[in-house]
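Let me begin by presenting the structure, written as structure tokens, before commenting on it.
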2 protein chains.
Amino acid sequence: MVTIKDIARELGVSPSTVTRALAGNTRISAETIRRVREQAEQMGYVADSAARAMRSGTSALIGLLVPDIQNSFYATMARIAAQCCQRAGYQLVLSVTEDDPEIEERHVRALIGARCAGVMVVPTGGVTPATCQLLSGVPTVQLIRRAEGLRADSFGVNDRQALFAATGYLLDLGHRCIALLVGDKTLDTARARFNGYVDAFAARGLQPDIDLVCAGAPRASQGSEALRALLSRRVPPTAIVAAGAALTEGMLDAVSAHYGSTYPDVSLLGFGDTAAFRWWQGEGLSTIALPITTIAEAAGARLLALIKTPRAAAPSVESVSFDTSMVLRGSARPPVERS
Amino acid sequence: MVTIKDIARELGVSPSTVTRALAGNTRISAETIRRVREQAEQMGYVADSAARAMRSGTSALIGLLVPDIQNSFYATMARIAAQCCQRAGYQLVLSVTEDDPEIEERHVRALIGARCAGVMVVPTGGVTPATCQLLSGVPTVQLIRRAEGLRADSFGVNDRQALFAATGYLLDLGHRCIALLVGDKTLDTARARFNGYVDAFAARGLQPDIDLVCAGAPRASQGSEALRALLSRRVPPTAIVAAGAALTEGMLDAVSAHYGSTYPDVSLLGFGDTAAFRWWQGEGLSTIALPITTIAEAAGARLLALIKTPRAAAPSVESVSFDTSMVLRGSARPPVERS
DNA sequence: AGTTGACGCGCAAACGTTTGCGCAATAAAG
DNA sequence: CTTTATTGCGCAAACGTTTGCGCGTCAACT
């Protein structure tokens, strides 16, 4: 690896001059700058970011922690985050937490050790105190979910409202047996979404059948398993709403498996608007659409701003909620009369 | 940030002792090791990886360069890569190249600057000499595609065979007007896939209609645009085969848009076996399935091995090709007779 | 002619960690 | 009792970069 010293030696100047020349410092003659740059180029110099990080106390790394990169929802988030970072000269360090607080802590620790400039995180349901402690030192933004102990700006959606509207839509179509796939109570988003579901019933003087609520880990496998049982009941639900990106996948899997090639006589509502949902059963899956691009962009912009601020600015924690919208395709219809 | 010196001062020992104790060095009394570890834990010590990288000349970072993280195909790859790295104590730096050689070079430069331990790359079609030069210094593996100037192990599939089989399947169903969506000639995979397509015709004493071959940038938008024109022709193709992950998306978009809610009377063959393809039109999309998990795992394992080797081992460049398989669902049928 | 200022550059220290070498003390061997 | 080996630890240098300070030179002032 060619260093700044090599260039200095080659040119008969001091290392300081080389640094300053490369940085475009005034107080260095234009001629010297030209010579240094040329030599650097010719020798294939690449600045050692480790040395730079050590000296400056901060690196050009931004951490992104997501539960599952394979989920199209988080993949989109990663794409936007990567764009933001790369444009601003940062590199993105990707950590997949699998919704495990322990993995999360381990990775946050590594990020802190790397003196990363900032962190974007979709927190797990059980963020540890150690994680919060570690994160309190660096600019941090949380996406989608909001962890209790974490003092960091958050960017998500109005979860209660999202499920209030979605459930209401199904109720107004005439459904009464509406299954809900939702994350467990450790997730603030899951709680809010559950409340929206219940409130939609309440607003119409109704009450949901609690047996139809499947709360569990936010994974496709969990959702499809819970649903399989529900679909095999003597009186299956007439509609299903999935209150999570992974759970939507689980829902589609279970429904596909249960109905095979016969047309499913159950109404479906997904969560998040993945491109693939347009292809569901030829008619498309109706979903609760989240402005995920907007969210990720807002979070990225905020993070970059936090990184730039002179550190002194009192970090009044902001919490931004965007609105969801219903994207209606063919998968939700009035309930069919059953014999 | 609490450093090793802080711990040393607190305990009245030297920094060297602390390092060695934390590393579990023998030659340090068990008692001292215990005291140091306890103190480190209690003070919340996190090793500065920048300093460590500087001293050791290599960091715990592994770079992953993919064209598009939003594509489910590469997302899966990223997931496996992340698993491999994280298990081995490395962090994954994600770079999205958008198939742009310039972006690719910039990111590789940054990775080299970070003294990353290794690189996994899906090369663009026009890998620059500078990129090759930079990459020649670090352990590197390439996935899916193979760049010309890059001396690095590669893990991909037998592309020609894949399209030979797929095209043959459609031909044997009776199709003759088979559109092909494929990447442009800068990609070695695209060339091989195109050859497979042509050879399948040739093996049956036939010849493809070159007008039905859409070669372009491997992006969904490009594929859907090219296909739109084809579908509007007076005599549209009776079957379409997409020879790329992004192009498959483009194909589905174009077909959805063209046929609306009417059943598409064109046979379809996708590329890569994304979960969402099971939901296509209720019947599922038949595809050319790649063992992407196996590929990514093999590449990851190889990279870790390369990193561990004493650097001296003559790097005889290996090139591993896995076999694809056809996953038959309902989207490919014998051609319908048209008036 | 002496003072002041600007300009162009070098010196050296610092960031936190690791590691070869060496020193002292104790144990084992002669 | 001396020699040798072993154990436990400290010293100091090194990795590459950045930056405050200072020094010399030259021109423009008073």
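Letters go in sequence order (proteins before strands), and every chain restarts at 1.
- Residue-level contact check: A/Gly113 touches neither bases nor backbone, having no heavy atom under 4.0 Å from any strand.
- Nearer to the 5' terminus of DNA chain D, by closest-nucleotide assignment, is the contact made by B/Gly12 (compared with the other of B/Gly12 and A/Arg55).
- Map B/Arg20 and A/Arg115 each onto its nearest nucleotide of DNA chain C; the residue landing nearer the 5' end is A/Arg115.
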> What's the verdict on salt bridge (charged side-chain N to carboxylate O under 4.0 Å, His left out) for B/Arg35 and B/Glu38, showing C-alpha distance, side-chain angles and the deciding distance?
Replying inline: CA-CA 5 Å; B/Arg35 287 203 309 146; B/Glu38 191 174 315; over 6 Å; no

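- Using a 4.0 Å heavy-atom criterion, one finds that A/Ser16 contacts the bases of the nucleic acid, with or without backbone contacts as well.
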>> With side chain to side chain donor-acceptor pair (under 3.5 Å) as the criterion, how do A/Thr58 and A/Arg115 come out once you've worked through the C-alpha distance, each side chain's angles and the decisive distance to 0.1 Å?
In response: CA-CA 5 Å; A/Thr58 175; A/Arg115 304 285 184 266; over 6 Å; no

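- A pairwise comparison of heavy atoms in B/Ile69 and B/Ala75 identifies O-CB, 3.6 Å as the closest pair.
- Nucleic acid contact for A/Ser56: none, since no nucleic acid atom lies under 4.0 Å from a heavy atom of the residue.
- Using a 4.0 Å heavy-atom criterion, one finds that A/Arg27 contacts the bases of the nucleic acid, with or without backbone contacts as well.
- In this structure, B/Ala47 reaches the sugar-phosphate backbone alone: every heavy-atom distance under 4.0 Å involves primed, P, OP1 or OP2 atoms, never a base.
- Taking every nucleotide of DNA chain C with any atom under 4.0 Å from a non-hydrogen atom of chain A, the first and last of them, 5' to 3', are C/dC7 to C/dG16.
- A/Thr19 comes within 4.0 angstrom of a base, heavy atoms only.
- The nearest pair of heavy atoms linking B/Cys116 to B/Val138 is O-CG1, 3.7 Å.
- If you check the side chains of A/Ser29 and A/Thr32, you find a donor sitting under 3.5 Å from an acceptor.
- Scanning both residues, B/Asp99 and B/Pro67, for their nearest heavy atoms gives OD2-CB, 3.6 Å.
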